[in-house]
Trainee: 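Just passing along the structure, written as structure tokens.
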There are 2 protein chains.
Amino acid sequence: MPLKNITIAVDAMGGDYGPPVILPAALKVLARYSNLQLILVGDEAVLTKQLQHFQKKNPTDQTRIIIRHASQQVEMDESPAQALRSKKDSSMRVAINLVKEGVAQASVSAGNTGALMATARFVLKTIPGIDRPAIISTYPTINYKKNMRMLDVGANVDSTAEHLFQFAIMASVLASAVDSIVNPKVFLLNIGTEDIKGNEQVRKASQLLLQAKAINYAGFIEGNNIFKGEADIVVCDGFVGNVALKTTEGVAKLIGQLIKKAFYQNIFTRVAGLIAMPVLKILTKWIDPDRYNGACFIGLQGIVIKSHGGANEKAFANAIEEAILQVEKNIPERISAEVEQLLKISSRNKDEDNNSAHLS
Amino acid sequence: MPLKNITIAVDAMGGDYGPPVILPAALKVLARYSNLQLILVGDEAVLTKQLQHFQKKNPTDQTRIIIRHASQQVEMDESPAQALRSKKDSSMRVAINLVKEGVAQASVSAGNTGALMATARFVLKTIPGIDRPAIISTYPTINYKKNMRMLDVGANVDSTAEHLFQFAIMASVLASAVDSIVNPKVFLLNIGTEDIKGNEQVRKASQLLLQAKAINYAGFIEGNNIFKGEADIVVCDGFVGNVALKTTEGVAKLIGQLIKKAFYQNIFTRVAGLIAMPVLKILTKWIDPDRYNGACFIGLQGIVIKSHGGANEKAFANAIEEAILQVEKNIPERISAEVEQLLKISSRNKDEDNNSAHLS
């Protein structure tokens with residue numbers, strides 16, 4: 001079976017490094033996928049010149065790279081409102097427009113998260129039945145073969161119970177389609193596991209999830225248990241999830257630096273360090289955030305992958321590959337179908353409730 | 001200068017292990033502090049017998065240990081309301097009553113956190129001007145010589161801006177008195193550092209803190225930066241703080257297990273592990289949660305230290321020592337004085353505002 005052709009629009013100017021990281025990453029992924037076409041969006045003069053440079057080392061079929069000029073660029077510290085209002089020809093906006101117009105099936109950007117979310121939401125709109133898009137991120141677990149996905153990690157604050165419920169639906173679809181997990185196990189992040197724990201939103205979301213038979217809801221989970229490999233999906237408000245995500249990064253970095261310090265103490269510890277290093281490298285590779293690059297926006301009528309701003313070549317390539325996977329699996333369409341199905345069931349249940357109320 | 005005598009009421013039945021961990025820890029601390037008297041609260045028969053057993057190994061001045069009978073015990077999974085209603089003679093409740101009656105200057109318990117907080121709040125009441133007590137916890141940072149304190153880590157959900165402001169005041173007093181930090185640097189935990197980031201509560205709390213000159217407020221901080229040693233105090237809502245606390249525990253444990261796995265792979269990695277182990281032990285000791293045991297309740301008219309439920313002897317001893325330190329430093333009185341001062345200033349400011357409004 002021939003693979004279907006995939007076109008992805010890449011914001012080539014975004015992120016902390018821009019074209020010098022994004023172009024080699026793009027060429028690397030093109031070499032791996034013969035059915036892939038990339039539209040590199042940004043300053044045409046800069047991109048043409050730099051592309052020539054990188055293609056010397058890494059020659060690629062010219063027909064599979066298109067440069068699309070965009071005269072503006074969203075700054076990393078620009079406010080979403082500002083970007084939306086005054087950067088209508090930014091590389092970020094044009095890349096998302098290409099998805100809206102059906103020219104590309106997905107877009108990838110390492111740019112300003114807030115601006116990217118605001119732009120994507122404005123241009124693509126949310127899936128009917130979904131109030132707010134979320135950012136979903138991937139984590140390692142103690143089980144080498146299993147990752148965990150958590151959402152929302154920063155798109156929304158003050159999520160209601162209904163929002164949390166919608167996050168659970170979207171993540172279930174993603175985990176079963178992209179990660180091939182049958183009946184992904186969904187937990188709600190809380191500060192205890194008893195029914196009375198937490199805030200109103202979390203308790204009410206739990207009730208909604210218990211009623212939704214299509215979701216394999218397993219109850220509350222606390223922060224110390226999310227990496228144990230039991231959960232496929234952890235659902236939470238974006239403020240809470242962003243703090244959890246960044247605290248995780250902070251602790252991992254703290255421990256890494258303390259390990260280094262410990263091995264640098266004296267000549268004996270340095271020798272021990274030399275011997276231990278290859279083993280610790282396996283570990284660092286395992287928890288390497290670059291492996292998990294490509295938090296995606298979920299809930300939009302189109303695929304938008306957000307790469308780390310500080311992504312290196314490998315990390316940005318991973319983000320493009322996540323986009324390819326989501327295109328192959330038709331994620332937005334599947335979420336849309338699932339939501340429609342769930343809404344039908346819930347309105348049928350309501351009708352039945354109403355009817356039985358009339359009868360009784 | 002002779003040290004002042006200190007009496008501490010210990011809930012000797014609380015925690016996952018009860019007397020077999022708590023009694024040896026108590027004896028250890030008694031041996032260290034000649035001015036200390038401990039009241040061990042719990043089942044008299046059990047405590048008398050076990051105390052005899054442990055004192056064989058660790059003989060102590062009998063006059064400095066008092067056993068106070070309590071006929072009930074709060075279970076680890078009991079609801080706070082249930083404990084408050086039907087366990088009026090529990091070891092936890094009696095220990096707190098002793099503080100209320102002025103017999104003891106502080107109490108320490110490893111029991112059920114929710115029940116302990118509800119009981120402490122009911123019996124001791126909050127300091128005037130403080131709406132809600134908080135739980136404050138201590139963390140290591142990359143700077144070996146510096147710890148960081150974070151609150152609230154689980155007593156309150158849905159904290160308002162005013163609550164967050166009060167948390168900042170209380171923690172500032174604690175850090176300057178107990179940790180001897182001059183002008184402790186206070187940050188608000190948020191999902192970004194720009195003014196527009198976060199939720200309404202955090203943004204409003206930031207405004208309140210900017211106006212309070214007595215507090216060294218340094219702005220927003222993100223989860224990845226809290227361990228870098230810049231912050232003395234990190235303020236957040238209890239839901240967010242509890243997730244951050246437990247996620248930190250979870251990541252540290254995950255990395256520890258992955259390191260073990262990496263060194264157990266084959267004969268070569270095992271040898272490397274043997275050599276690296278002494279160095280890694282320094283690290284494990286450094287991030288050992290037992291060193292940081294004794295999250296305390298803050299904001300009550302009395303000192304209540306909460307030990308980990310699963311605390312070992314060393315950890316429980318640390319919790320008693322935190323209580324001693326807080327008694328020596330008169331923490332509740334100092335917070336009370338500071339709050340009174342701040343309320344005076346803010347009401348004076350309000351009066352001035354009103355006056356100038358009248359004049360203009």
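This is a predicted model, so every value here is computed, not measured. Proteins get letters first, then strands, A, B, ... in listed order; numbering begins at 1 in each. Computation of the quantities below employed the complete heavy-atom set of this structure, encompassing side-chain atoms and omitting hydrogens, waters and symmetry-equivalent molecules.
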Trainee: Could you check if a side-chain atom of A:Asn224 sits within less than 4.5 angstrom of a side-chain atom of B:Thr247, using non-hydrogen atoms only?
Mentor: no
Trainee: Specify the closest pair of heavy atoms between B:Gly198 and A:Val157, including all atoms of both residues, with the distance to one decimal.
Mentor: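 Result for this residue pair: O-CG2, 3.8 Å.
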Trainee: Considering only heavy atoms, which portion of B:Ile226 lies under 4.5 Å from any heavy atom of chain A: side chain, backbone, both, or neither?
Mentor: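 Side chain only.
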Trainee: Do you know which two heavy atoms are closest between B:Pro140 and A:Leu254, and how far apart they sit?
Mentor: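 Nearest heavy atoms, B:Pro140 then A:Leu254: O-CD2, 4.3 Å.
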Trainee: Determine the option with the most heavy-atom pairs under 4.5 angstrom with chain A, choosing from B:Glu222, B:Glu200, B:Glu194.
Mentor: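 Sorted descending by pairs with chain A, the first entry is B:Glu222.
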Trainee: Say you draw a straight line from CG of B:Asn242 to NZ of A:Lys197; how long is it, rounded to the nearest 0.5 Å?
Mentor: 8.0 Å
Trainee: So what's closer than 4.5 Å to chain A heavy atoms on B:Asn199: side chain, backbone, both or neither?
Mentor: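 Both backbone and side chain.
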Trainee: For B:Ile255 and A:Ala252, which heavy atoms make the closest approach, and how far apart are they?
Mentor: CD1-CA, 3.8 Å
Trainee: Near B:Asp16 CG, under 6.0 Å, is it more than 12 heavy atoms from other residues, nucleotides or ligands?
Mentor: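 More than 12 within 6.0 Å, yes.
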Trainee: With rounding to the nearest 0.5 Å, note down the distance linking NZ in A:Lys253 to CD1 in B:Ile142.
Mentor: 11.0 Å
Trainee: Can you name the closest pair of heavy atoms from B:Phe227 and A:Val251 and give their distance?
Mentor: CE1-CG2, 3.4 Å
Trainee: Please identify, among A:Thr248, A:Leu245, A:Val202, A:Asp77, the residue contributing the most non-hydrogen atom pairs under 4.5 Å to chain B.
Mentor: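 Highest number of heavy-atom pairs under 4.5 Å: A:Thr248.
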Trainee: Counting only non-hydrogen atoms closer than 4.5 Å, does A:Asn190 touch chain B with its backbone (N, CA, C, O), its side chain (CB onward), both, or neither?
Mentor: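 Both parts, backbone and side chain.
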Trainee: How far does CG of A:Leu189 sit from NZ of B:Lys246, to the nearest 0.5 angstrom?
Mentor: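 Output value for this atom pair is 9.5 Å.
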Trainee: Checking an interface table here. Which of residues 161-168 of chain B come within a heavy-atom distance under 4.5 Å of chain A?
Mentor: none
